[in-house]
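See below for the structure under consideration.
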Amino acid sequence: MSLSQSNTPIHEALLKHKGNRVVQLDVPSHKGGRGNKELRDFLGADCLKVDVNSMKPLDNLCHPVSVIRDAEILAAEAFGAEQAFFIVNGTTASVQAMIMSVCKAGDKIIMPRNVHRSAINALVVNGAIPVYINPGTNKRLGIPLGMSVADVKKAILENPDAKAVLVNNPTYYGICSDIKEIVRLAHENGMMVLADEAHGTHFYFGENLPVSAMAAGADMAAVSIHKTGGSLTQSSFVLCGKGVNVGYVRKVINLTQTTSGSYLLMSSLDIARKNLYFNGKEMFRKTVEYADYAREEINRLGGYYAFGKELCDGNEVFDFDSTKLSVHTRAIGLAGVEVYDILRDEFGIQIEFGDIGNILAILSAGDRELEVERLLSSLSEIKRLYSKDPSGMFDHEYINPEVILSPNEAFYSETKSVPIENSVNSISGEFVMCYPPGIPILAPGERITADIVEYIRYCKEKGCLLTGTEDMKIENINIVVR
């Protein structure tokens with residue numbers, strides 16, 4: 001059968017399977033929902049009937065030869081890649097698969113320090129050595145920006161043995177580095193380029209948006225389809241460009257990806273790819289329209305600053321993702337996380353995240369004008385009811401790290417637990433981060449400074465969700481015993 005983008009091979013195979021009324025003497029044991037009425041009533045019988053195990057007619061995610069392979073081919077074509085891998089362990093697994101495919105223990109990888117924890121987790125697991133580039137920072141917003149080309153070039157020249165450069169495309173806040181020029185520099189020096197595109201699915205299908213990693217010539221990209229592409233949570237793609245050993249990449253993916261791939265997640269990727277291919281341009285045009293309108297109206301309120309393309313400087317903010325509705329809140333005397341909590345608790349609005357200075361709302365074509373107007377009126381009311389003097393507020397999100405040990409060495413070193421306030425000048429043996437966005441305040445191997453301890457205290461005071469330490473109360477931290 002000839003394939004086209006109108007096909008959804010996994011989805012079509014599941015529909016056929018459901019119609020065959022096969023006697024299920026395999027896992028899962030809920031047997032299409034008959035074995036668990038409460039689950040069936042909650043999720044629906046149709047859902048549970050296609051929550052099935054790998055079988056010959058439905059292919060096998062670890063070694064696809066039929067419908068999953070066909071779906072991979074269509075996904076690669078849609079995204080302009082040579083190969084696409086279906087990932088059901090989240091984009092965390094996609095990022096880790098990229099890094100572990102190009103780096104072995106002791107190999108260097110150049111990356112911005114404001115990476116998601118998944119990237120540093122990969123270094124903990126496989127022993128690769130990070131060469132961190134401190135991102136630029138915007139003093140007004142306090143947020144980390146992108147990598148300057150000059151800093152990337154310097155890192156490449158000083159570390160000619162590095163295997164790859166990792167680029168955020170975009171950051172959580174919508175900031176993009178000059179990925180085309182970074183690709184050129186890296187390839188000139190025999191290095192691969194990996195892109196964390198957890199928040200960049202729409203770059204492949206929208207118009208007048210930043211360039212996608214594959215279009216920029218990157219070697220691999222981790223694309224979180226569930227975030228802005230419409231698939232189910234936890235579903236993702238790893239994309240590969242020309243010259244990548246895709247057989248080896250699949251072997252690396254299979255080291256950690258489940259052997260019981262969820263057909264709910266895989267079929268959602270299959271259907272989302274088709275929808276993006278045929279409707280993505282209009283979907284993201286509408287998304288940008290909503291975001292641009294909201295930015296303009298929020299800035300009219302005063303106090304808030306909904307930032308956008310005016311930040312672009314051709315350097316550390318090479319481009320900006322216009323779909324991101326990022327809003328600075330500190331001028332009204334409220335941390336972003338405080339606005340986040342008030343929106344949810346008092347106004348019934350769940351946004352993506354709030355940190356100590358900003359909030360982020362994710363808009364999509366699935367929203368309606370009603371939701372956008374409700375957000376605007378709620379922000380106006382929050383300013384009227386809750387604003388206060390901003391004096392004394394913490395004014396930056398990013399602290400330059402002092403790296404003493406590799407993440408792998410520190411994580412597996414002998415450690416002891418001490419109160420965080422007593423840990424200054426010690427080396428961290430674990431992570432501390434606010435989630436979301438999941439960018440570490442501290443990573444294993446970094447020196448704990450008084451500034452970092454104060455930042456952690458402030459985040460806790462403002463209500464940020466802190467994670468990463470063994471101590472669930474985030475009162476103690478494991479430090480390396482030396």
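Bear in mind that the values here come from a model prediction, so they are computed numbers and not experimental data. Just the heavy atoms: all of them, side chains too, but no hydrogens, waters or symmetry mates, feed the values below.
- Taking CD1 of I359 as the start and NE2 of H328 as the end, the distance is 11.5 Å to the nearest 0.5 Å.
- No side-chain donor-acceptor contact under 3.5 Å links N169 to the backbone of E197.
- Around the NZ atom of K309, the shell of radius 6.0 Å holds more than 12 heavy atoms that belong to other residues, nucleotides or ligands.
- Relative orientation of the Y173 and F353 rings is perpendicular, given thresholds of 30° and 60° on the angle between their planes.
- Judged purely by distance below 3.5 Å, without hydrogens or angles, the side chains of H116 and D196 never pair a donor atom with an acceptor atom.
- The two residues L123 and N408 have their closest heavy-atom pair at O-CB, 3.5 Å.
- A donor and an acceptor atom, one from each side chain of E338 and Y386, are nowhere located under 3.5 Å apart.
- N134 contributes atom CG, which lies 10.5 Å from atom OG of S148 (distance to the nearest 0.5 angstrom).
- Counting non-hydrogen atoms of other residues, nucleotides and ligands closer than 6.0 Å to CD of E188 gives a total above 12.
- Residues meeting the ring-ring contact (aromatic ring centres under 6.0 Å, His included) test with Y458, sequence neighbours left out: F394.
- With hydrogens and angles disregarded, no donor-acceptor distance shorter than 3.5 Å links the side chain of S235 to the backbone of L269.
- Applying the side chain to side chain donor-acceptor pair (under 3.5 Å) criterion to N138, with sequence neighbours excluded, gives no partner residue.
- Inter-residue side-chain proximity for P407 and P130 is flagged as met; some heavy-atom pair is nearer than 4.5 Å.
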**Item:** Derivation and outcome, side-chain contact (heavy atoms from CB on, under 4.5 Å), residues F318 and I179
**Value:** CA-CA 9 Å; F318 184 78; I179 189 171; over 6 Å; no
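- Across every non-hydrogen atom of L232 and H226, the tightest pair is O-CB, 3.1 Å.
- The shortest non-hydrogen separation linking Y412 to V124 is CE1-O, 3.5 Å.
- Under the 4.0 Å criterion applied to side-chain N and carboxylate O atoms, E446 and R113 are assigned as salt-bridge partners.
- Separation of atoms CD (E346) and CG (L343) is listed at 10.0 Å; rounding is to 0.5 Å.
- When the shell of 6.0 Å around NZ of K227 is examined, it contains more than 12 heavy atoms from other residues, nucleotides or ligands.
- In this structure, the separation between SG on C240 and CG on L194 is 10.0 Å, given to the nearest 0.5 Å.
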Show me, pair by pair, the donor-acceptor contacts under 3.5 angstrom made by side chains of residues 473-482, not counting sequence neighbours?
from: N476; atom 1: ND2; to: D471; atom 2: OD2; distance (Å): 3.4
from: N478; atom 1: ND2; to: E470; atom 2: OE2; distance (Å): 3.1

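- Side-chain contact between T228 and H199 is absent, with no heavy-atom pair separated by less than 4.5 Å.
- Between the side chains of D389 and S391, at least one donor N or O sits under 3.5 Å from an acceptor N or O.
- Heavy atoms of other residues, nucleotides or ligands lying less than 6.0 angstrom from NZ of K460 number more than 12.
- Counting heavy atoms from C-beta on, the side chains of K180 and D178 come closer than 4.5 Å.
- Between the CD1 atom in I133 and the CG atom in N114 there is a gap of 10.5 Å [rounded to 0.5 Å].
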**Request:** For side-chain contact (heavy atoms from CB on, under 4.5 Å), just list the numbers for Y132 and I120, CA-CA rounded to whole Å, side-chain angles, deciding distance to a tenth of an Å, and then say yes or no.
**Result:** CA-CA 11 Å; Y132 289 130; I120 303 178; 3.6 Å; yes
**Asked** Given the rule in the side-chain contact (heavy atoms from CB on, under 4.5 Å) test, do N168 and V115 qualify, once you have shown the distances and angles that lead to the verdict?
**Response** CA-CA 7 Å; N168 292 321; V115 289; 4.2 Å; yes
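- Residues F307 and R140 are not in side-chain contact: their nearest non-hydrogen atoms beyond the backbone lie 4.5 Å or more apart.
- Remark: E371 engages R368 in a salt bridge, criterion side-chain N to carboxylate O under 4.0 Å.
- D151 has no carboxylate O lying under 4.0 Å from a charged side-chain N of K154, or vice versa, which leaves the two without a salt bridge.
- Counting only distance, with no hydrogens or angles, the side chain of R344 and the backbone of Q350 share no donor-acceptor pair below 3.5 Å.
- The shortest heavy-atom contact between M192 and V102 is SD-CG1, 3.4 Å.
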**Item:** Step-by-step side-chain contact (heavy atoms from CB on, under 4.5 Å) determination, Q96 to V125
**Value:** CA-CA 9 Å; Q96 292 171 352; V125 172; 5.9 Å; no
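- Side-chain contact between I143 and Y172: absent, with no pair of heavy atoms (C-beta onward) separated by less than 4.5 Å.
- For F86 and F237, the distance between ring centers is under 6.0 angstrom.
- Two residues are said to be in side-chain contact when any heavy atoms from C-beta on lie closer than 4.5 Å; V288 and L209 meet this criterion.
- The shortest side-chain heavy-atom distance between F431 and P444 falls under the 4.5 Å cut-off.
- The shortest side-chain heavy-atom distance between C434 and I441 falls under the 4.5 Å cut-off.
- By the 6.0 Å contact criterion, NZ on K108 is enclosed, its count of non-hydrogen atoms from other residues, nucleotides or ligands being greater than 12.
- Residue L363 holds its CG atom at 12.5 Å from CZ of F284, rounded to the nearest 0.5 Å.
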